[in-house]
Amino acid sequence: MSDKITITLPDGSQKHYEGPVTPLTVARDIGERLAKAAVGAKVDGELADLNVAIEKDASLAILTEKTKDGKPDEGAMYLLRHSTAHVMAEAIQRVVPGAMLVYGPPLDNGFYYDIAFPEDRPLREGDFEAIEAEMAKIVKEDRPFTRYEMDYDAGLEKLKTEGSKYKLDNAHRAHEAGSLKLSFYATGEPGKNWEDLCRGPHVPSTGRIGAFKVMSLASSYWHGDENSDRLTRVYGTSFFSKKELDEHLDRLEQAKQRDHRVLGKKLGLFHIDETVGQGLVLWTPAGATIRHELQQFIGTELTRQGYHEVFTPHIGKLDLYRTSGHFPYYADSQFPPLVDREHMHKLSEEGCTCAQLSNNLKVGQIEGFMLKPMNCPHHIKIYDSQPHSYRDLPLRLAEFGTVYRWEQSGELNGMTRVRGFTQDDAHLFCTPEQVGDEVQGCLELVKIIFGALGMQDYRVRVGLRDPDSGKYTGDAANWDKAEEACRQAAKSLGVPFTEEPGEAAFYGPKIDFVVRDVIGREWQLGTVQVDYNLPERFDLTYIGPDNQPHRPVMIHRAPFGSMERFIGVLIEHFGGAFPLWLSPEQVRVLPISEKTNDYAMEIVAALKTAGLRATLDTSDGRIQAKIKNAAEMRVPYLAVVGPRDQENNAVSIRARGVQKDLGALPVGEFVQALVAERDSKGTESVRDRFAETVNV
RNA sequence: GCCGCUGUAGCUCAGUGGUAGAGCGCACCCUUGGUAAGGGUGAGGUCGUGAGUUCAAAUCUCACCAGCGGCUCCA
């Protein structure tokens with residue numbers, strides 16, 4: 001290795017040095033202002049401290065708070081958040097002596113630190129103020145983040161004397177990953193100030209942390225293992241400036257207003273009642289309207305694609321699920337079985353224990369029924385009720401089937417995670433040769449639906465089996481075939497997708513459509529799953545051209561996933577402002593005063609005759625107030641009618657999102673325009689008629 | 001299920017160990033007003049449920065129920 005070092009900067013220019021050099025030195029050579037603004041560096045694409053010694057030729061980028069185009073620099077934010085996590089950890093250890101640090105990484109919008117608190121002194125939200133006060137002190141002291149390294153053994157000794165088994169474990173892991181040395185970061189002077197075992201890198205000093213906030217508490221598990229130690233996860237966030245922090249908090253507040261649980265209440269779309277039960281959605285008239293429209297829409301598509309609609313009951317015998325493999329292996333995630341009267345009596349009167357009952361159910365000595373956790377077994381029995389020729393395939397059976405699953409109470413969430421939900425389900429029975437085309441057809445359907453609703457922001461996940469897990473059924477050759485079919489279908493979709501081992505269903509690989517909610521959580525919506533397993537278990541056959549029985553392949557698919565989750569996500573997608581065809585209330589007629597109430601009623605009647613969902617506001621308020629109320633309910637169109645309109649047999653129109661009167665239209669034209677917009681699902685728009693006034 | 005937080009009027013939220021509040025909404029009255037809140041009056045609450053401490057509990061303690069954030073899980 002030569003002593004001379006060449007540093008290549010992002011613009012391609014090069015600087016030459018006689019020996020090892022730090023990014024800070026290079027920054028100084030470029031300009032004192034850059035050196036001052038620098039918060040970190042990227043050396044050969046890796047984040048690094050400003051004062052790390054670069055010992056060989058490398059590319060170097062000096063990171064400042066913002067990139068050239070004025071956006072926050074991702075790398076700089078990473079360093080900032082990571083550094084703030086250290087400051088928070090120091091502050092927490094001051095507030096709660098004996099707190100043992102575990103792990104504190106940066107996140108997309110902040111950071112957290114997992115910490116084990118003494119049993120008699122858990123952290124509470126009431127501690128946040130004190131923590132933030134301590135953090136403010138540390139930031140004010142502007143102490144440098146100082147890195148130093150120790151040999152593994154010496155470092156281990158040091159950690160042992162400090163007594164945190166978690167940090168020791170971190171050290172072991174670093175060692176196993178190939179680190180010969182352990183690095184520590186002191187917030188200030190090593191040996192004198194607070195320090196932490198840490199890979200780094202960090203911003204130069206605590207003073208660079210412009211604004212921070214301790215956000216929330218959660219529990220977590222050590223190594224994410226629920227049988228391991230429980231830790232407390234403290235979330236925080238930080239920015240280079242107070243302004244950015246305020247903007248961030250403001251965004252969170254805005255997102256809250258879009259939350260489907262907030263909008264659902266405000267717009268009266270659904271209700272969950274604790275007397276009915278956790279996770280059981282009650283669809284109110286407005287929400288039911290949206291659901292009905294969506295079901296109509298998809299029903300039309302299904303007919304077009306050769307599906308047959310079926311209906312099946314909400315329960316099935318335990319034996320059905322023994323055959324499918326869902327009972328007893330998934331008993332924990334299902335509602336308890338329904339048992340006949342005789343056995344219920346035994347349970348209450350003869351002192352038969354629940355354990356005995358449960359055991360008898362398992363081994364099949366008692367028969368009972370189960371609320372269906374999925375629709376497939378029922379559909380399979382429909383398939384199996386007749387012999388099938390290869391000429392009949394594919395057979396596509398569709399149903400809006402309601403299923404029940406015992407989700408953990410802490411997992412329930414509005415409409416997006418519930419215990420009873422309706423899948424827009426279908427099962428396709430086909431020959432092995434047809435799998436590819438059928439999967440592809442299913443994906444097309446999802447694409448049509450997402451397209452019609454303007455949902456572009458989704459990702460596609462191809463769920464493959466985890467080679468290290470035994471939870472999967474079926475033979476490896478079939479799995480390979482099915483996985484390849486999914487991969488090919490996903491490719492043909494023309495959108496980016498990721499392959500994720502371990503995400504497959506227990507019976508086969510799948511393709512999922514995943515979207516994010518307003519607070520960034522991911523939800524799986526549409527899904528297409530290939531299944532070689534259930535046809536085997538139920539011994540399904542079709543007669544092939546060779547006049548011999550053959551095993552069909554099943555495809556499970558639900559483009560929405562479930563009506564509950566999909567509409568929950570849809571509420572947030574539209575922020576409650578649904579397109580006309582989905583709006584529970586499509587147009588509201590607002591008389592200027594009581595004098596035009598009668599005329600307004602005529603308008604409502606005309607709208608209703610055209611099949612539009614129209615309402616009338618005869619409340620005793622001024623037109624301004626009526627408009628405000630309608631706007632808050634996100635009504636797409638308002639028809640204001642006063643004496644002037646009555647004279648012309650017209651209505652004055654106001655559209656959602658437009659802050660003014662669009663002008664008047666003759667009643668007939670208005671009705672027609674609304675119908676056109678509704679039936680075109682928004683490709684035509686009433687607003688377009690006013691293009692000049694609206695500046696569209 | 002786990003940790004923390006929360007639970008007061010239909011909704012959003014104040015509140016103190018000593019007889020329960022506001023705004024919005026609702027009802028009624030006045031107002032009849034042309035594009036995002038006209039005025040007045042009134043009704044409405046076992047302060048999540050159950051125990052405990054206390055002369056006294058909505059307030060303090062415990063248990064339970066439910067919601068929220070995260071973790072774990074998700075056929």
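Chain letters run A, B, ... following the sequence lines, proteins first, then strands; residues in each count from 1.
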Practice problem: Carefully, step by step, assess A:His379 and A:Phe429 under the rule ring pair (Phe, Tyr, Trp, His ring centres under 6.0 Å). | Solution: CA-CA 10 Å; A:His379 291 184; A:Phe429 300 85; 8.1 Å; no
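- Between A:Asp169 and A:Arg173 there is a salt bridge, since at least one side-chain N of the basic residue sits less than 4.0 Å from a carboxylate O of the acidic one.
- With rounding to whole Å, A:Asn227 atom CG is found 12 Å from B:G1 atom C1'.
- Between A:Pro643 and A:Arg565, the residue anchored nearer the 5' end of RNA chain B, judged by the nucleotide with its closest heavy atom, is A:Pro643.
- Annotation: B:G40 and B:U35 have their P atoms spaced 23 Å apart (nearest Å).
- Separating the P atom of B:G10 from that of B:G25 is a span of 16 Å, rounded to the nearest Å.
- Residue-to-nucleotide proximity on RNA chain B shows that, of A:Tyr507 and A:Pro591, the 5′-proximal contact is made by A:Pro591.
- A gap of 11 Å separates the P atoms of B:A22 and B:G42, to the nearest Å.
- In the interface, the side chain of A:Arg230 is not paired with the base of B:C71 through any donor and acceptor atom under 3.5 Å apart.
- Among the protein residues, A:Arg654 comes within range of the nucleic acid bases, having at least one heavy atom under 4.0 Å from a base atom.
- Comparing B:C11, B:G33, B:A37 against the side chain of A:Lys265 picks out B:C11 as the nearest.
- Within the shown strands, B:G4 is the pairing partner of B:C68 under the Watson-Crick or G-U definition, both distances less than 3.5 Å.
- Residue-level contact check: A:Glu125 touches the backbone only, with heavy atoms under 4.0 Å from sugar-phosphate atoms and none from bases.
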Practice problem: Give the C-alpha distance, both sets of side-chain angles, the deciding distance and a yes or no for salt bridge (Lys or Arg N to Asp or Glu O under 4.0 Å) between A:Asp319 and A:Lys317. | Solution: CA-CA 5 Å; A:Asp319 242 1; A:Lys317 276 176 145 181; over 6 Å; no
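- As a whole-Å value, the separation of A:Lys213 NZ from B:G69 P is 17 Å.
- If you take CD of A:Gln624 and P of B:U32, they are 15 Å apart, rounded to a whole angstrom.
- Between the A:Asp539 side chain and the A:Pro535 main chain, no donor and acceptor come within less than 3.5 Å of each other.
- Following rounding to the nearest Å, A:Leu263 (CG) and B:U12 (P) show an atom-to-atom distance of 13 Å.
- Distance noted for atom C1' between B:A9 and B:A51: 27 Å (whole Å).
- Nucleotide B:G25 has no partner under the Watson-Crick or G-U criteria, as no pair reaches both atom distances under 3.5 Å.
- When heavy atoms are screened at a 4.0 angstrom cut-off, A:Ala631 is found touching base atoms of the nucleic acid.
- The A:Ala625 side chain lies nearest to B:G38 when the options are B:G38, B:C3, B:G34.
- Protein atom CD of A:Glu594 is 10 Å distant from nucleotide atom P of B:U32, rounded to whole Å.
- Residue contacts for A:Ile627: at a heavy-atom cut-off of 4.0 Å it reaches a base atom on one of the strands shown.
- Here B:U53 sits opposite no nucleotide as a Watson-Crick or G-U wobble pair (both hydrogen-bonding atom distances under 3.5 Å).
- Under the Watson-Crick or G-U wobble criterion, with both distances below 3.5 Å, B:G33 is left unpaired in every strand shown.
- With hydrogens and angles ignored, the 3.5 Å screen pairs a side-chain donor or acceptor of A:Thr596 with a backbone N or O of A:Ser593.
- Salt bridge annotation for A:Glu669-A:Arg689: present, with a cationic side-chain nitrogen under 4.0 angstrom from a carboxylate oxygen.
- Atom CZ in A:Arg622 sits roughly 6 Å away from atom C1' in B:G33 (whole-Å rounding).
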Contact list (N/O, under 3.5 angstrom) for nucleotides 23-29 of chain B vs protein:
none

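- Closest contact between the side chain of A:Arg124 and the listed nucleotides B:C3, B:A36, B:C5 involves B:C5.
- In this structure, A:Ser324 reaches neither bases nor backbone, as no heavy-atom distance under 4.0 Å exists between it and the strands shown.
- Side-chain atoms of A:Ser219 stay outside donor-acceptor range of the base of B:C71, with no qualifying N/O pair under 3.5 Å.
- Using a 4.0 Å heavy-atom distance criterion, A:Gly325 is classed as making no nucleic acid contact.
- What separates CG of A:Leu267 from P of B:U12 is a distance of 13 Å, to the nearest Å.
- Pairing partner, B:A43: none, since no Watson-Crick or wobble contact has both distances short of 3.5 Å.
- The base of B:G34 is not paired with the side chain of A:Asp661 by any donor and acceptor separated by under 3.5 Å.
- Under a 4.0 Å N-O distance rule, the pair A:Asp114/A:Arg233 qualifies as a salt bridge.
- When both pairing distances are held under 3.5 Å, B:U19 makes no Watson-Crick or G-U pair with any nucleotide shown.
- Checked against B:A37, B:A36, B:G34, the side chain of A:Ser652 finds its nearest nucleotide in B:G34.
- Under the 4.0 Å criterion applied to side-chain N and carboxylate O atoms, A:Arg258 and A:Glu572 are not assigned as salt-bridge partners.
- If you check B:A14 for Watson-Crick or wobble pairing at under 3.5 angstrom, you find it has no partner at all.
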Report each atom pair, protein N/O against N/O of nucleotides 60-68 of chain B, whose distance is under 3.5 angstrom.
residue: B:C65; atom: O2'; partner: A:Glu274; partner atom: OE1; Å: 3.4
residue: B:A66; atom: OP1; partner: A:Gln278; partner atom: OE1; Å: 2.9
residue: B:G67; atom: OP2; partner: A:Gln278; partner atom: NE2; Å: 2.6
residue: B:C68; atom: OP1; partner: A:Arg261; partner atom: NH1; Å: 3.2
residue: B:C68; atom: O3'; partner: A:Arg261; partner atom: NH1; Å: 3.4

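- No hydrogens or angles were tested; on distance alone, a donor-acceptor pair under 3.5 Å links the side chain of A:Lys628 to the base of B:A37.
- Within the 4.5 Å cutoff, side-chain heavy atoms of A:Asp273 are placed close to those of A:Leu282.
- A cation-pi arrangement is absent between A:Arg322 and A:Phe327, since the terminal nitrogen or guanidinium carbon is not both under 6.0 Å from the aromatic centre and inside a 45° cone about the axis.
- Residue A:Tyr235 is in sugar-phosphate contact alone, with no base atom involved, counting any heavy-atom pair closer than 4.0 Å across all strands shown.
- Across all strands shown, nothing is found opposite B:A9 as a Watson-Crick or G-U wobble partner with both distances under 3.5 Å.
- For B:C73, the base has a donor-acceptor partner in the side chain of A:Arg417 [N/O atoms by modelled type, under 3.5 angstrom].
- Spacing between B:U46 and B:A20 at atom P, rounded to whole Å, works out to 12 Å.
- Look at A:Lys510 and A:Asp531 and you find no salt bridge, because none of the NZ, NE, NH1 or NH2 atoms lies under 4.0 Å from a carboxylate O.
- For A:Arg230, there are no side-chain hydrogen bond (donor to acceptor under 3.5 Å, both in side chains) partners, not counting sequence neighbours.
- The separation between A:Asp466 atom CG and B:C74 atom P is 11 Å, rounded to whole Å.
- Counting non-hydrogen atoms under 4.0 angstrom, A:Gln423 reaches nothing in the nucleic acid.
- A salt bridge between A:Glu585 and A:Arg588 is present, with a side-chain N of the basic residue lying under 4.0 Å from a carboxylate O of the acidic one.
- In the interface, the side chain of A:Ser220 is not paired with the base of B:G70 through any donor and acceptor atom under 3.5 Å apart.
- Between A:Arg459 and A:Asp512, no side-chain nitrogen of the basic residue sits less than 4.0 Å from a carboxylate oxygen of the acidic one, so the salt-bridge criterion is not met.
- A:Tyr221 contributes no side-chain N or O that forms a donor-acceptor pair with the base of B:G70 under 3.5 Å.
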